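Since the structure comes first, as structure tokens, the remarks are kept for the end.
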Amino acid sequence: MKRILIPAGGALLATGLLAAGLAGAASADSDVASDPMATSAANAKAIAQFWAENNGAALKAATQSNIWDNADVSKLQSKGGYSADTKPGTTPPIGQEKKTSAKSQNVNMPKTIGKVFFVNGKGEKKWCSATSIQSNYRNLVATAGHCVYDTGANSDVMSKWVFVPGYYQGKAPWGIYVGKQAFTHYDFDVYEDYDRDYAFVTVYNGVTGNFAKPKQVTKSEYDAYNGEKFVDKKEITAEEYSAGVSKYGENGPFQKESLTSAPETVGKPEAVKTAEDALKYYTATGIDGVKLTAAEVTEYDYNKAPDGLDNNAKFVGPTTASKMAISQEEYKKLQAEKADGKFLGKLWADKDKNGAETAWYKQQYYIKKWVKSTTKEVYWVGAFYIVVNELKDAGRLGDNVGGQGFAWNQPTGKYVRVFGYPAAPHPDGHKNYTGITPKWCYGKTTKKLVGSAAKKIEEHVALKCAMTEGADGGPWLLKYSNAKRLGYVNGVTSTFNDQDGNNRVDYISSPYFDGETAVVYKAAANSWSGKIL
């Protein structure tokens, strides 16, 4: 049993449903690190809405966790290893508190598995694998510690953390469960020790429903609504509009609006004979839709332009090709615009004898452009919609999908079934998985170490398996019953390894679940979360 820091404090007593199973865990309550996630129901609701609105667009945009690069995929070592710190122990799955036995040859995916989604310190939408697990309040998720804490950014818990059991292409069949409180081992939280790369997260009751459902309303309700809204329009004739107003009134479904077309270049108006005449058209609206505008050009093009009143002649008027003093701030802004080709004039600065800038100037060049915009009345009939959220409480996680049991201090050499959503390519670029559907591996665990001094790994257990990143956080289940789809969480996927050196993942590893893991689990399993709605 490796310890980075020997904590002070008394023993943590087990109570309630889990008391008998955890009483043998010889560790201290200061092994437990706990951090808040969504601190209020309102905050949790906003997080759920972030992921679910627009038909799960944010869920679909997320990509697999990417804390492991190719250099981290290393060969396993055979030295050292874990040591059990207390007697082996188990806590049964939800619904299996009284042990029964069943045999089945089919491999059925457990209802408890899904994806955890979060936003990391870089603002990227990411996901890992996870599972629902037994707890007093049926509100607990087990996953990898690096899927909860942003070790890459050396910051606190991931932002907008949610668990979606049974996730499939933007769908949340049993609802979205927002994380309330994250529990890890102190050594992972403080020292990023990957021998403790596991986490247990309490979640609020799930929410289901339509996060962005259009609702038809009256014109007055539409005008008063400050959220997302839209109008479904169909153009009609002036005669139809007149008939509609007499029936519905000005605020009914028949509406009129003035539409102004984009300006088009036209010839100089015949009434313009002098420069003074031209300046009469240089107003906000022009005259009869015709307006004189100034188009900026380079000094070269300005000098080539003729004098006169027609299109492309030199512009002389309120905006002229004269030197103008400006502030230092505007000078710097125009320098940046000039670099982008948006400012065509000249810039310069006066300097004192020491070379310090004391005054700043600009000079711009324009030619005439005569343009015309037309305005017409448009009539239409339409329906007014506001976009509302119609949500309902989905209940507790464990009541909806069940929860796996928990086991600790188990010897290696036992068969486990590992589930996860692998998605990343192998180090050689070969991509076996999509991350869309869950996959599984089956075999005996082995007492081997991952050679990663940077991650402080000394006590992992390994399994021959080719799943890649995206599967991290997925459960390692002892005594998995295909009929009941239940087993005992005895690890979570942490690292990906290349044993034979061919640039393909062929082994995965998990932290060894010992008595200290049980203490962290117990603290989480006895923590209440509550509802969002």
Side-chain angles (χ1 to χ4, degrees), residues 223 231 233 235-242 245 250-251 254-353 355-380:
D223 291 337
V231 182
K233 296 181 179 180
E235 192 167 346
I236 59 175
T237 65
E239 291 75 14
E240 289 173 318
Y241 169 76
S242 298
V245 169
E250 290 292 338
N251 289 324
F254 291 91
Q255 299 290 311
K256 176 178 70 173
E257 62 183 341
S258 297
L259 295 182
T260 302
S261 65
E264 297 182 6
T265 301
V266 297
K268 173 181 68 66
E270 292 183 0
V272 176
K273 307 296 184 184
T274 65
E276 288 74 17
D277 294 336
L279 288 178
K280 293 178 182 178
Y281 286 79
Y282 192 69
T283 63
T285 57
I287 300 175
D288 296 330
V290 179
K291 182 180 177 182
L292 175 62
T293 62
E296 186 179 7
V297 294
T298 64
E299 181 182 13
Y300 175 80
D301 289 332
Y302 177 83
N303 290 333
K304 287 198 312 180
D307 295 324
L309 302 174
D310 293 319
N311 276 309
N312 302 319
K314 289 185 177 70
F315 187 96
V316 179
T319 304
T320 63
S322 61
K323 178 179 177 180
M324 181 183 298
I326 57 176
S327 67
Q328 185 180 20
E329 289 74 17
E330 184 180 358
Y331 176 79
K332 291 180 179 179
K333 176 177 176 291
L334 293 177
Q335 276 186 317
E337 292 182 0
K338 191 172 183 67
D340 293 335
K342 297 177 182 178
F343 180 79
L344 304 178
K346 295 193 300 185
L347 294 168
W348 65 93
D350 291 340
K351 298 181 180 179
D352 61 21
K353 62 181 181 179
E357 295 181 352
T358 58
W360 302 270
Y361 305 92
K362 72 175 181 178
Q363 188 165 354
Q364 294 171 270
Y365 305 90
Y366 298 92
I367 59 175
K368 293 183 178 68
K369 287 290 182 183
W370 293 95
V371 298
K372 183 176 182 178
S373 298
T374 57
T375 300
K376 69 173 183 177
E377 299 297 331
V378 176
Y379 308 92
W380 49 268

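Quick caveat: nothing in here was measured; it's all calculated off a predicted structure.
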### Message
Is there a side-chain contact between L309 and L292 in this structure, where contact means two heavy atoms from C-beta onward sitting under 4.5 Å apart?
### Response
no

### Query
Picking from N311, T265, N312, what satisfies side-chain hydrogen bond (donor to acceptor under 3.5 Å, both in side chains) with K369?
N312

### Task
With the side chain counted from C-beta on, respond yes when E264 and K372 share a heavy-atom pair under 4.5 Å apart, and no when they do not.
no

### Task
Over 60° means perpendicular and under 30° means parallel, so classify the ring planes of Y361 and W348, tilted if in between.
parallel

#### Entry: Donor-acceptor contact present, side-chain K273 to main-chain E270, <3.5 Å
yes

### Message
Please report the interatomic distance NZ(K362) to NZ(K346), rounded to the nearest 0.5 Å.
### Response
14.5 Å

### Message
Looking at K338 and G345, would you say the former's side chain and the latter's main chain have a donor-acceptor pair under 3.5 Å?
### Response
yes

### Message
How close do A349 and E357 get, counting heavy atoms only, and between which atoms?
### Response
CB-CD, 3.9 Å

### Task
List the atom of L334, the atom of F343, and the distance in Å for their closest heavy-atom pair.
CD2-CD1, 3.6 Å

### Message
Tell me if the CG atom of D288 is crowded by more than 12 foreign heavy atoms within 6.0 Å.
### Response
no

### Query
Using the ring of each side chain (for Trp, its six-membered ring), is W370 parallel, tilted or perpendicular to Y281, with breaks at 30° and 60°?
perpendicular

### Query
Does K291 use its side chain to pair, donor to acceptor, with the backbone of S373 at less than 3.5 Å?
no

### Query
Once you round to the nearest 0.5 Å, how far does NZ of K368 lie from CG of D307?
8.0 Å

### Donor-acceptor contact present, side-chain E296 to main-chain L344, <3.5 Å
yes

### Message
Nearest 0.5 angstrom please: Y365 OH to Y300 OH, how far?
### Response
14.5 Å

### Message
I'd like to know if the side chain of K314 and the backbone of A305 have a donor-acceptor N/O pair within less than 3.5 Å.
### Response
yes

### Task
Check for a donor-acceptor pair, side chain of K351 on one end and backbone N or O of T358 on the other, with a separation under 3.5 Å.
no

### Message
Please give me the minimum heavy-atom distance between G308 and A313, naming the atom from each residue.
### Response
O-CB, 3.5 Å

### Task
Please indicate whether K280 has more than 12 foreign heavy atoms, meaning atoms of other residues, nucleotides or ligands, lying under 6.0 Å from its NZ.
no

### Task
Identify the residue among E337, E330, E329 that makes a side-chain hydrogen bond (donor to acceptor under 3.5 Å, both in side chains) with K333.
E337

#### Entry: Side-chain touch E377/Y241, heavy atoms, less than 4.5 angstrom
no

